[in-house]
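Beneath this line is the structure, given in C-alpha cells, with notes to follow.
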Amino acid sequence: MRYSQLFIPTLKETPSDAKVVSHQLLVRGGFMRQLGAGIYSYLPLLQRSVRKASAIVREEMEGIGAQEFFLPALNPREVWEASGRWSVMGDNMFRLKDRSGADYCLAMTHEEVFTAIARDELRSYRQLPQIWYQIQTKFRDEARPKSGLLRVRQFTMKDSYSFDVDQAGLDRAFEAHRQAYERIFSRCGLSFMQVDAHSGAMGGSASTEFMVRTEAGEDLVAHCATCGYAANTEKAESRAKPRPAKASAGSTEKFATPGVVTIEALSKDPFRVAAEDQLKTLVYIADSKVVLAVVRGDQTLSETKLQTATGATEVRPAKAEEIRVALGASPGSLGAVGITNVIVLIDRSLEGAADMVTGANQDGFHFRHVDVGRDVQGKIVDLRLVSADEGCIRCDGRLEIFKSLEVGHIFKLGTKYSVSMGAKVLDEGGKEVPIVMGSYGIGVERIVAAAIELSHDADGIRWPMSIAPYHVVILALQALDPEVAAAAETLSAALKAAGVEVLVDDRDERPGVKFKDADLLGIPVRIAIGKKSLAEGKVEWKRRGASKEAMELVALADVAARARALVLAEGGKLAS
RNA sequence: CGGGGCGUAGCGCAGCCUGGUAGCGCGCCUGCCUUGGGCGCAGGAGGUCGGAGGUUCGAAUCCUCUCGCCCCGACCA
C-alpha cells in the first residue's frame, strides 16, 4: 500500500487527555480517534491489527474444536430475566426500549443467549461436548471508562461456552481453553501469567484470569516468586503478619475513649492500643441485610471477599443512619461484642484472638479484654485484603503485589445457567441432567493495547510481528527521484510476491518526517531507500527498535527473501 | 455516584482574576527554497470562545443552569 493514499493521521503532539502509553500512541499514530467516553473509532491501521489478533484467536479456537457463531448484541429482556441477570447486571448494562415500549439491552456477555440455544436444541449426552464461540461487539456502561482501549464501553470480545454432560467434561473443556489461551497470547507477543480469580457476577466455581503485568492495568495480582502462586487480590490469600499471642485477660471491660473514632487515634496516647490488637468492625448492607465484617485493626477489608462470603449480589457500606439503627452508635465506636441479631463475619486471622480492643457500640466508649469466640461470635471466613510482603499461603515465600491487565478469563460455570434456564440433556442412564457449562472470554482490543504497553519506546510503538498492521515499511527517502521511486516500486512488488505485507512511504516529505512516522507506527522492519546506497544496489534494513549499529545495507535483490523469512520466524502470517 | 479539573482554529495552548470587537506554536493552502531524523523564507485560509439564560452601553472574561471530556475514589465477567 502507498502511504500517500492511506488514511494515517499522525500527530506531532501527545493528546492531552491520554494518560497511558497505549492510548497516547494509538491516537498519535493515527490508529484511532475518540467518539465519546469509552467509545473509539478504529482507523484503518488499528483495524488491521485488531483483525490479526482476531484471526489468531479464531485459529486457536478452531484448533480446540470450537464452532463459530454470531449472536445478536440486541437482546430482549426475557432472556436475561430467565437467568436472573436482568436485575443483577444493574447499571452496568445498557438498556433501551423498542417502539412498543418493550425492554431490550445491549448484551455485555452471552451466557443467556447461548444457553437458550442449548436449552432449545440439545437433548442428549450424545450431542455433547460442544464448544461454541463468537467474536462480537460487547457493550458495558462502565462507570468510569478510562485509559484508551483498556477500559471502554464498546469493545470486541471473543466469548466461548462449553457444554458437557458432567464435571469431567467441563474439566477437559476448561483445560483445552487454558492451552488455547496460552497459545493465543504467546502468538500475540504478550508475556502473561495465569492467576486465580474471583468469579463475580458470572457465578460458578473456579476461574482463572490471564494477566499482563503492566502499570496501566487495573487489577492487583499477588504473586509468590518462590512457588509461583498467583492470584487476583480479590481472591488472594496469605499468611497474615502474626500478632504476638496474647492470653485472655479476663472478662471484657468498658472504658471511655471520648472523641476517638479511628484505629489510628486509639493507637496513640493515652491509650496506646496497637492496631493489631484492635478489632475493626465494618457495617455493610448485603442485598438489604445488615452484615458486620470484623478484621484486625491493621488489616483492610476486601469488599469482594465480603460479597463472596455473604453470597449477596450487591454489597455496599451502610449509611450512618442505618448503622445507628442497627447498633445504636456511630462509626468509630462500633463493635461486634455480644451481637447476635445481625450476621457477623470474622476474618480467619482473628480465630482465637484474645485480649483485643473494640468499639462498645456506645459513642465514646470501647471494650478491652475482648476474646474472639467468647465475646465476639460469628462465621469465620476469609475477608481481608492481602498486602505485599505477607507470607505465601502455599510455601514459606513472600508475596509481591503488582498491577496487571486482564486480557482473558476462563470460568467453570457449572450448572448455574443451565439450571436457571432449564438446559438439560438425558445422560447415558436416561436420566435428565443439567448441562455443565464453562464460559471463556478474551478482550481483543486489550491484546492490542497490552502489546503496546509492553513494547514501545520514546519514539513510538514496537509491534510484535504477528499483530503489526504491516510487516515492512519502505521509506522512499527521495520520493520524487525516479530511481528511488522505481526501486521502491520494484521492492514493494517483490515483497508482495513473497507474501510480505508492505507499506510504501511514497510521500513527498523530508526524510526526517518519514523516519519519525515510521518509528511512531512501529512496523517491525524498515527499509530505507536513499540515492547514495541505491547507487550500489543496496537499501538500508533496520528492525524497529534496533540500535543504529544494527542497521545493515542489504542488496535490493535479497530483501524480499530475507523479509519473508523473518516474518515466518517471528510468527507473522504471509499473505496468500 | 462522590471529589477535582478542563471545554477558545484540525491538534497543543495563552487570554478570563481586573469586561472594551480573539492570540501563539504546530498542522493546512500557495509560491520560492531545501532534501538521511518532524528544514528555511514569504503570503494566505480557518474560531457561533461547548450550549442556554442572565447582569451590563458592552461578555471568551462576571452570575445561574446545562451538556461534554479528563483525573482520583466508589463501581467493574
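Owing to the predicted nature of the structure, the values given are computational and were not obtained by experimental measurement. Chain identifiers are assigned alphabetically (A, B, ...) following the order of the sequence lines, protein sequences preceding nucleic acid strands; residue numbering begins at 1 within each chain.
A donor-acceptor pair under 3.5 Å links the side-chain atoms of Lys542(A) to the main chain of Ala546(A), judged by distance alone. A donor-acceptor pair is defined here as one N or O able to donate and one able to accept, closer than 3.5 Å; such a pair exists between the side chain of Arg33(A) and the backbone of Val27(A).
Spacing of P atoms, C71(B) relative to C57(B), comes out at 44 Å, to the nearest Å. Spacing of C1' atoms, C24(B) relative to A14(B), comes out at 7 Å, to the nearest Å. Separation of the P atoms belonging to G23(B) and A60(B) is 13 Å when rounded to the nearest angstrom. Distance check on atom C1': C32(B) versus U18(B) gives 47 Å, rounded to whole Å. Spacing of C1' atoms, G68(B) relative to G27(B), comes out at 25 Å, to the nearest Å. Comparing G43(B) with G51(B), their C1' atoms sit 37 Å apart, to the nearest whole Å. Only the P atoms considered, G46(B) is 34 Å distant from U55(B), to the nearest whole Å. Atom name P, nucleotides G50(B) and A22(B): the rounded distance is 15 Å, in whole Å.
Distance from the side chain of Lys146(A) is smallest to C71(B) among A74(B), G37(B), C71(B). The side chain of Arg510(A) approaches C39(B) more closely than any other nucleotide in the set G25(B), C39(B), C69(B). For Pro511(A), the side-chain atoms get nearest to U35(B) when compared with the rest of G38(B), U35(B), C70(B). Here G38(B) is the nucleotide among G36(B), C76(B), G38(B) with the atom lying nearest to any side-chain atom of Thr10(A). Listed nucleotides G36(B), C69(B), G38(B) differ in distance to Val513(A); the shortest reach to its side chain belongs to G38(B).
Summarising the local packing, NZ of Lys538(A) is surrounded by 12 or fewer heavy atoms from other residues, nucleotides or ligands at distances under 6.0 Å. Within a 6.0 Å radius of CD in Glu483(A), other residues, nucleotides and ligands contribute 12 heavy atoms or fewer.
Note that the CE atom of Met93(A) and the CZ atom of Phe139(A) stand 13.0 Å from one another [nearest 0.5 Å].
Within 4.0 Å of Gly36(A), counting heavy atoms only, lie sugar-phosphate atoms of the nucleic acid but no base atom. Here Glu406(A) lies in heavy-atom contact (under 4.0 Å) with sugar-phosphate atoms only. Lys19(A) comes within 4.0 angstrom of the backbone, heavy atoms only, and of no base. Using a 4.0 Å heavy-atom cutoff across all strands shown, Arg33(A) reaches no nucleic acid atom at all.
Following rounding to the nearest Å, Lys12(A) (NZ) and G10(B) (P) show an atom-to-atom distance of 18 Å. Distance, Glu13(A) CD to G10(B) C1': 12 Å, rounded to whole Å. Remark: C1' of C71(B) and CD of Gln24(A) are 14 Å apart, rounded to the nearest angstrom. In this structure, CD of Gln34(A) is placed 17 Å from P of G10(B), rounded to the nearest angstrom. One interatomic measurement links the two molecules: CG of Asp508(A) to P of U34(B), which rounds to 14 Å at whole-angstrom precision. Between Lys305(A) atom NZ and C76(B) atom C1' the separation is 18 Å, expressed in whole Å. For the pair Ile39(A) CD1 and C70(B) P, the computed distance is 10 Å after rounding to whole Å. To the nearest angstrom, P of C70(B) lies 13 Å from CG of Leu150(A).
Base pairing of A42(B) is made with U30(B), judged by Watson-Crick or G-U wobble geometry with both donor-acceptor distances under 3.5 Å. In this structure, G73(B) and C1(B) make a Watson-Crick or G-U wobble pair, each of the two defining distances being under 3.5 angstrom. C62(B) and G54(B) make up a base pair, with Watson-Crick or G-U wobble contacts both under 3.5 Å. In this structure, G7(B) forms a base pair with C67(B), meeting either the Watson-Crick or the G-U wobble geometry with both donor-acceptor distances under 3.5 Å. Nucleotide C24(B) is matched to G12(B) when pairs are restricted to Watson-Crick or G-U wobble geometry with both distances under 3.5 angstrom.
In this structure, the side chain to side chain contact (heavy atoms under 4.5 Å, CB included) partners of Thr300(A), at least two apart in sequence or on a different chain, are Leu385(A).
Side chains of Glu453(A) and His456(A): a donor-acceptor N/O pair is absent below 3.5 angstrom, by distance only.
With RNA chain B read from its 5' end, the first of the two nearest nucleotides for Met108(A) and Tyr40(A) is the one closest to Tyr40(A). Mapped onto RNA chain B by nearest heavy atom, Thr304(A) and Gly148(A) fall at different nucleotides, with Gly148(A) at the one closer to the 5' end.
With ring centers used as reference points, Phe70(A) lies 6.0 Å or more from His110(A). Between Tyr161(A) and Trp132(A), a ring centre-to-centre spacing not shorter than 6.0 Å is recorded. Residues Trp463(A) and Phe31(A) bring their aromatic ring centres within 6.0 Å.
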Fill in: Check against salt bridge (charged side-chain N to carboxylate O under 4.0 Å, His left out), Glu322(A) and Arg316(A)
CA-CA 12 Å; Glu322(A) 292 169 325; Arg316(A) 63 168 173 85; 2.9 Å; yes
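Sorted by residue number, the members of residues 514-522 of chain A with any non-hydrogen atom under 4.0 Å from RNA chain B read Phe515(A), Lys516(A), Asp517(A), Asp519(A).
Using a cutoff of 4.0 Å between basic side-chain nitrogens and carboxylate oxygens, Asp347(A) and Lys305(A) are not scored as salt-bridged.
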Worksheet item: In B/S/- notation, 5' to 3', how is nucleotides 1-9 of chain B contacted by protein heavy atoms closer than 4.0 Å?
Response: B--------
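Taking side-chain N and O atoms only, Ser16(A) has a distance below 4.0 Å to OP1 or OP2 of C13(B).
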